[in-house]
Amino acid sequence: MNESSFIHKNMAFGRCIYNLFSLQLFILFYSLKGFIIFGFFPAVAATFHVMYRWIVYREYDIVISKQFSVFYAENFWKANKIGWLLMGSALLLAGDLMISKQMIQSPIIHTVLVIVFIIFLLLGAYIFPVFVRYDYHALIVYFKQSFFIGIASLPQSIAIFILGALLYKVFHWIPFVALFFGAPMLIGGISWFAFQGILKAEALKVATLDKKGKRG
């Protein structure tokens with residue numbers, strides 16, 4: 001490895017660290033801007049949007065602050081609706097699991113609820129990547145697309161769960177990583193696999209339509 005290549009890689013690494021830290025600050029600032037209750041989900045969606053520009057279009061020179069703030073403002077209420085629907089459903093499912101475990105104590109019911117909860121986590125992993133990729137009028141379509149893409153892209157879906165477990169361990173062992181880079185690291189990892197899954201599903205759909213066209 002020559003000196004110029006070494007310097008270039010160090011600069012790229014430093015830039016990556018800087019961008020992740022910047023996104024962490026943007027998430028915090030814009031969450032507080034919306035009093036957390038209304039700011040958190042639009043901030044998360046805006047972070048997925050920045051990752052989308054990096055991963056899918058390889059636009060590494062975008063102005064993060066502009067991309068983040070514009071997407072945050074334009075999709076503020078829509079992101080909140082999706083986020084709170086997701087959060088409300090998660091709380092209901094978690095409550096059902098606790099009731100099933102402590103009161104009903106039926107292995108069959110509990111197993112069904114666990115499976116539903118895992119499917120729900122899968123949907124939750126894809127919902128914001130789908131949100132930044134597509135523009136649907138009805139919110140339910142985002143949930144349906146997230147579910148179908150998650151099932152159709154099982155290797156990517158499994159990788160997301162493994163990544164989540166690994167990052168949980170890393171954040172537990174090295175808390176400062178979570179403090180300074182935690183949210184964008186998690187969102188970036190989910191984005192990497194989720195957008196691969198989305199593009200794979202799109203390619204599969206195009207291939208299927210081509211086959212139908214040839215048969216016709």
Side-chain angles (χ1 to χ4, degrees), residues 19-57 62-97 116-150 153 156-157 160-161 163-164 167-168 171 178-195 197-198:
N19 287 339
L20 289 176
F21 181 63
S22 297
L23 281 173
Q24 183 86 340
L25 292 179
F26 283 131
I27 293 169
L28 177 61
F29 174 77
Y30 280 91
S31 294
L32 292 173
K33 186 178 179 181
F35 303 103
I36 299 179
I37 295 175
F38 297 112
F40 177 72
F41 292 116
V44 168
T47 307
F48 272 105
H49 171 71
V50 173
M51 295 294 177
Y52 173 66
R53 307 307 302 186
W54 286 343
I55 294 169
V56 177
Y57 292 105
I62 59 172
V63 180
I64 297 175
S65 58
K66 182 179 179 180
Q67 290 286 331
F68 196 104
S69 60
V70 170
F71 193 88
Y72 177 94
E74 290 180 348
N75 297 275
F76 184 83
W77 292 114
K78 203 171 184 180
N80 265 305
K81 289 175 184 177
I82 289 174
W84 282 109
L85 276 172
L86 199 67
M87 179 65 74
S89 301
L91 291 174
L92 283 174
L93 276 173
D96 288 342
L97 279 169
V116 171
F117 192 74
I118 291 172
I119 293 172
F120 180 80
L121 289 176
L122 181 66
L123 185 151
Y126 281 90
I127 190 72
F128 282 111
V130 167
F131 177 60
V132 302
R133 176 69 171 175
Y134 306 110
D135 184 18
Y136 298 124
H137 180 69
L139 296 182
I140 189 65
V141 182
Y142 289 106
F143 288 86
K144 287 168 62 177
Q145 282 291 91
S146 299
F147 173 76
F148 290 134
I149 291 172
S153 309
Q156 288 80 11
S157 301
I160 288 172
F161 285 119
L163 172 76
L167 285 179
Y168 175 80
F171 295 159
L179 180 64
F180 292 105
F181 312 105
M185 282 181 67
L186 178 60
I187 292 172
I190 292 172
S191 296
W192 178 260
F193 294 111
F195 288 125
I198 288 170

State, with a plain yes or no, whether a side-chain heavy atom of [X] is found less than 4.5 Å away from one of [Y].
{"X": "F143", "Y": "L86", "value": "yes"}
{"X": "F161", "Y": "L122", "value": "yes"}
{"X": "F26", "Y": "S65", "value": "yes"}
{"X": "F128", "Y": "I187", "value": "no"}
{"X": "F193", "Y": "S153", "value": "no"}
{"X": "Y134", "Y": "I198", "value": "yes"}
{"X": "V44", "Y": "F131", "value": "no"}
{"X": "H49", "Y": "N75", "value": "no"}

Show the nearest heavy-atom pair for residues [X] and [Y], with the distance to one decimal.
{"X": "P184", "Y": "I27", "value": "CD-CD1, 4.2 Å"}
{"X": "A79", "Y": "A45", "value": "CB-CB, 4.0 Å"}
{"X": "Q24", "Y": "L179", "value": "NE2-O, 2.8 Å"}
{"X": "M51", "Y": "F195", "value": "C-CE1, 4.5 Å"}
{"X": "F76", "Y": "P42", "value": "O-CG, 3.5 Å"}
{"X": "S191", "Y": "F48", "value": "OG-CD2, 3.1 Å"}

Let me see the working for Y52 and Y57 under ring-ring contact (aromatic ring centres under 6.0 Å, His included), right down to the final yes or no.
CA-CA 7 Å; Y52 173 66; Y57 292 105; 5.4 Å; yes
Is there a donor-acceptor pair closer than 3.5 Å between any side-chain N or O of [X] and the backbone N or O of [Y]?
{"X": "W84", "Y": "F38", "result": "no"}
{"X": "Q156", "Y": "W192", "result": "no"}
{"X": "Y142", "Y": "Y136", "result": "yes"}
{"X": "S69", "Y": "K66", "result": "yes"}

Spacing of [X] atom [atom1] and [Y] atom [atom2] [to the nearest 0.5 Å]:
{"X": "M185", "Y": "L163", "atom1": "CE", "atom2": "CG", "result": "8.5 Å"}
{"X": "K81", "Y": "W77", "atom1": "NZ", "atom2": "CH2", "result": "9.0 Å"}
{"X": "L28", "Y": "L23", "atom1": "CG", "atom2": "CG", "result": "12.5 Å"}
{"X": "F117", "Y": "L92", "atom1": "CZ", "atom2": "CG", "result": "11.5 Å"}
{"X": "L121", "Y": "L93", "atom1": "CG", "atom2": "CG", "result": "9.0 Å"}
{"X": "I64", "Y": "L20", "atom1": "CD1", "atom2": "CG", "result": "8.5 Å"}

Can you tell me how the ring of F68 sits relative to the ring of Y30, calling it parallel under 30°, perpendicular over 60° and tilted otherwise?
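Answer is tilted, since the angle falls between 30° and 60°.
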I37 atom CD1, neighbour heavy-atom count above 12 within 6.0 Å:
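Result for CD1/I37: open.
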Check the surroundings of atom CZ in F171: do more than 12 heavy atoms from other residues, nucleotides or ligands lie under 6.0 Å from it?
yes
